[in-house]
Amino acid sequence: MNVGGLLASAGVNSVVCLGVFSLYSVLRKQPSLVAVYFAQKIAQSKSKHHDPFWLGRLVPSASWVVKAWDATEDELYVAGGVDAVVFLRAVVFSIKLCTVASIICLAFVLPLNYFGKERQHKHIREELLTVFTIGNVQRGSEWFGFHCLVLHIITICACFFLYSVSTIFPFGFEFKYIMKMRLNHINSPLYHPSQFTVVVRAIPWIDQESYSDTLARFFTDFYASSYLSHQMVYEKSAIQKLMSDAERMYEILRNIHMERRYVKRLLRCGFCGSHNSASQDFRTLSDESNNVTNEKTFLDDSDECGAALVFFRTRYAALVASEALQSQNPMAWVTNAAPEPRDVFWANLCVSYQSLWIRKIIVVVASIFFVTFFLFPVVFTQSLVHLDKLTKLLPFLEKAVKRVVLEQLVTGYLPSVILTLFLCLVPPVMYVFSTLEGVISRSERKRSACIKVLYFVIWNVFFANILTEAAIDHYQISILRLGDYKNIPTLLAKAATFFMTYCLTSGWASLACELIQPFPLISNLFTRYILRSAEDSYFPYTFPYHTEVPRVLLFGLLGITCSTLAPLILPFVLVYFMLAFLVYRNQILNVYVTDYDSGGQYWPIIHNTTIFSLVLMQVIALGVFGIKDAPGPSTFTFPLIVVTLLFNQFCRQRFLSVFFRTPAKSVIEMDRRDEQSGQMAEIHQSLLTAYTQYYSNSGNKNKDMINRTDAELDETETLDISHA
């Protein structure tokens with residue numbers, strides 16, 4: 001690919017992003033789309049405000065940018081919790097590091113790469129991108145010493161930003177600060193039921209005795225002074241069926257209300273025009289509910305599964321019980337710290353603890369097959385980059401790509417678009433895999449999916465593309481043979497050119513897609529104009545950390561590893577992180593609802609990936625220096641790898657345990673504070689109703705609907721008709 005192809009890709013993506021950002025600034029002003037772009041505000045206020053029409057609604061503006069920039073960290077914490085603050089600090093860290101790398105590499109490394117070998121240079125638009133990479137530097141050149149110096153500068157800055165307080169940018173991002181933020185989250189004066197609760201699984205089955213009796217006898221014997229009560233976990237039962245029927249009943253009653261309101265204008269499908277027979281649905285549902293009620297309404301011992309929530313009188317007692325081994329048999333009486341009530345994933349609590357290791361093996365095997373399958377789209381996208389070689393295998397394509405504009409579009413834009421579309425399948429699949437593993441909290445499920453997606457994209461986007469580049473360039477991976485090792489720098493340089501276009505397409509365009517929210521937008525328009533519903537389609541979403549964290553870390557990896565290899569990628573990565581800073585702040589403040597929070601447990605993932613990126617950059621540079629006959633830079637690069645690994649180990653020993661374990665000193669101090677203030681008795685009473693297994697997760701709207709009586713429905717109907 002040449003510079004012209006890269007500029008064509010940058011131009012297309014810039015126009016798309018500018019158009020989408022302008023469209024968003026108009027759509028967010030429309031009252032009919034409040035449920036799409038201000039779902040977080042609706043969840044807090046539980047009300048909708050409809051402004052009268054004014055001309056400014058149709059004019060694009062940058063007011064949302066100003067509001068996102070001016071938001072304080074406290075506002076972000078209130079809106080998104082610790083996880084949101086940690087994620088945004090990861091973006092700020094990437095901005096700082098890419099800014100330093102861009103200034104140094106574009107000012108010094110890029111000219112050294114471009115003039116690193118005596119050759120006849122073409123016009124800048126016709127120059128191949130490989131000319132700007134380290135592969136263009138002559139073997140044995142003395143300028144490799146400057147590349148080694150840049151490696152040291154980038155590594156020192158990265159470690160400094162990870163640990164120490166930065167005075168360059170108004171936001172510091174360091175391990176110590178995140179650790180203090182998590183401790184403040186644990187020591188919060190707000191009441192957290194999970195601090196008094198322990199999840200118990202693998203309860204032994206005893207004949208002539210229920211799980212509940214066995215559990216009560218065990219904790220009464222061994223935790224007599226601290227045991228408070230327990231709550232059994234039940235299988236799917238008649239009560240769960242009735243809870244779902246209650247939601248369906250409200251929907252049917254609402255449809256009946258609409259039929260009465262519009263009389264002849266019954267709700268119709270915009271395509272087929274069929275009626276929504278709400279009365280018939282109501283009679284059918286009533287018959288089903290009567291049958292369920294007659295058969296079995298109340299839960300009994302047979303509905304219990306071998307898991308329960310155990311409540312303790314103090315936080316310290318719950319902490320000790322969650323950390324201790326309860327039996328000589330490690331597969332029985334397994335205890336873990338309980339998630340928050342809204343964070344519990346009830347379905348997996350009933351999964352047999354003995355089957356978890358089998359589930360994990362199945363997930364690993366399925367992940368390997370999925371990764372193998374994904375190599376096919378990677379090979380296809382790389383074949384489009386090498387259009388000259390593809391035309392030799394498929395001669396009929398030669399006439400189609402003779403036009404320069406079409407060739408630049410195919411090689412510079414289309415491959416990354418296709419790969420991005422295929423990558424959209426990865427997060428949902430990994431989310432399902434994490435569910436099958438048997439995690440007991442929704443936050444842990446999302447965190448597990450985040451790790452899987454991160455491994456997947458690093459392998460398929462970075463390593464698989466490099467290997468595919470070698471396979472296509474040589475029709476076999478002969479590059480790995482001893483005789484061809486000298487071509488590795490050129491191979492890496494060619495792969496880096498693809499990463500530039502991938503950053504434009506998957507980076508810039510993904511932010512535009514995140515801002516416009518296409519799926520909620522289409523759902524809202526479909527409900528309003530096709531189904532002709534008077535109410536907005538309101539479906540609050542939590543922030544997709546399993547999608548966005550791997551994406552941010554992937555572009556951080558590409559920027560770090562290619563900083564000296566192909567510094568031309570740094571401006572595109574820097575622009576991506578600057579746009580991400582504004583877009584994600586806006587989405588956290590206005591769109592996504594925070595139902596649960598892991599307390600900043602995404603930070604170890606961010607730290608480990610950053611260290612991996614630094615070590616990978618250093619290893620690649622060490623190999624390139626060796627191949628290019630530069631013994632001096634190779635000698636100074638090896639100690640840098642060792643120092644980076646030692647820094648990582650120091651951070652792990654100093655800070656990591658706080659993210660996965662709770663300090664006993666903190667919980668003891670909180671227990672004493674509550675006992676002195678006389679709040680402990682009130683906390684014990686509220687614990688008994690804190691966890692509800694059959695709680696409806698359909699949103700605030702559905703919860704209000706179920707509680708509404710027939711009189712309220714009639715009153716609402718009268719008001720609507722009079723208003724009409």
Side-chain angles (χ1 to χ4, degrees), residues 82-83 85-90 92-94 96-97 151-167 171-188 195 315-316 319-320 322-325 330 335-337 439 441 443-444 447-448 450-452 454-455 458 545 549-550 552-553 556-557 560-561 597-619 622 637-670:
V82 180
D83 290 339
V85 177
V86 168
F87 173 71
L88 290 173
R89 283 183 169 271
V92 173
F93 163 78
S94 302
K96 294 187 294 184
L97 186 59
L151 285 178
H152 283 72
I153 295 176
I154 294 176
T155 302
I156 293 173
C157 290
C159 295
F160 177 76
F161 294 150
L162 283 173
Y163 184 81
S164 302
V165 178
S166 174
T167 58
F171 299 92
F173 185 75
E174 70 285 344
F175 221 143
K176 184 181 294 186
Y177 181 86
I178 300 300
M179 183 192 70
K180 291 181 179 179
M181 184 183 299
R182 175 169 172 80
L183 291 176
N184 291 335
H185 175 74
I186 295 174
N187 298 330
S188 172
Q195 295 177 343
R315 297 175 179 87
Y316 179 71
L319 177 62
V320 172
S322 64
E323 297 289 342
L325 190 64
T335 56
N336 300 101
V439 294
S441 68
S443 60
E444 179 61 26
R447 180 178 175 275
S448 176
C450 171
I451 296 174
K452 293 181 178 62
L454 179 62
Y455 289 161
I458 288 178
Y545 291 104
V549 171
V552 168
L553 294 179
L557 181 142
I560 292 174
T561 54
D597 192 358
S598 70
Q601 289 188 354
Y602 289 97
W603 167 239
I605 302 174
I606 297 169
H607 175 86
N608 293 336
T609 306
T610 303
I611 295 297
F612 173 78
S613 303
L614 292 174
V615 173
L616 182 62
M617 171 190 67
Q618 296 159 4
V619 170
L622 179 64
T637 302
F638 183 77
L640 185 63
I641 300 175
V642 177
V643 172
T644 304
L645 295 176
L646 291 176
F647 169 79
N648 178 56
Q649 187 62 25
F650 166 76
C651 290
R652 291 175 62 88
Q653 295 292 331
R654 174 66 178 84
F655 305 112
L656 186 62
S657 59
V658 177
F659 288 88
F660 299 101
R661 304 180 67 181
T662 303
K665 179 177 179 292
S666 299
V667 296
I668 292 174
E669 290 176 349
M670 287 189 288

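This one's a predicted model, so the numbers in the text were calculated from it and none came from an experiment. Numbering of residues begins at 1 and proceeds along the displayed sequence.
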Within the structure provided, determine whether [X] and [Y] are in side-chain contact (heavy-atom separation under 4.5 Å).
X	Y	value
Thr610	His607	no
Phe655	Trp603	no
Phe87	Tyr545	yes
Phe612	Ile458	yes
Arg447	Val439	no
Val82	Asn184	no
Ser448	Lys452	yes

Partner set under side chain to side chain contact (heavy atoms under 4.5 Å, CB included) for [X], not counting sequence neighbours:
X	answer
Asn608	Asn648, Arg652
Val619	Val615, Ile641
Asn336	Arg201, Val334
Ser666	Asn187, Pro663

Notebook entry, point to check: Shortest non-hydrogen contact from Leu325 to Pro330?
Noted result: CD1-CA, 4.1 Å
Measure the [atom1]-[atom2] distance between [X] and [Y] for me, rounded to the nearest 0.5 Å.
X	Y	atom1	atom2	answer
Phe659	Leu183	CZ	CG	8.5 Å
Glu444	Cys450	CD	SG	11.0 Å
Leu97	Phe160	CG	CZ	12.5 Å
Gln649	Ile611	CD	CD1	11.0 Å
Asp597	Ser443	CG	OG	8.0 Å

Check: Looking at residues at least two apart in the chain, or sitting in another chain, which of them share a salt bridge (Lys or Arg N to Asp or Glu O under 4.0 Å) with Arg182?
Finding: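 None.
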Note to self: Run the salt bridge (Lys or Arg N to Asp or Glu O under 4.0 Å) test against Glu323 and tell me which residues pass, sequence neighbours left out.
What the structure shows: none
Test side-chain hydrogen bond (donor to acceptor under 3.5 Å, both in side chains) applied to [X] - qualifying residues, sequence neighbours left out:
X	value
Thr561	none
Ser94	none
Thr155	Gln618
Gln195	Arg315

Checklist line | Residue of the set Ile606, Ile605, Leu557 for which side-chain contact (heavy atoms from CB on, under 4.5 Å) holds with Leu454 | finding: Ile605
Next item on the list: Run through Thr609, Leu645, Leu640, Ile560 and flag the one making a side-chain contact (heavy atoms from CB on, under 4.5 Å) with Leu614.
Entry: Ile560
Next item on the list: For Tyr316, enumerate each residue passing the ring pair (Phe, Tyr, Trp, His ring centres under 6.0 Å) test, keeping only those at least two apart in sequence or located in another chain.
Entry: none
Checklist line | Audit row: Lys665, Ile668, side-chain contact (heavy atoms from CB on, under 4.5 Å) steps and yes/no | finding: CA-CA 5 Å; Lys665 179 177 179 292; Ile668 292 174; 6.0 Å; no
Check: What do the steps show when you test Ile186 against Val658 for side-chain contact (heavy atoms from CB on, under 4.5 Å), and what is the final call?
Finding: CA-CA 10 Å; Ile186 295 174; Val658 177; 5.5 Å; no
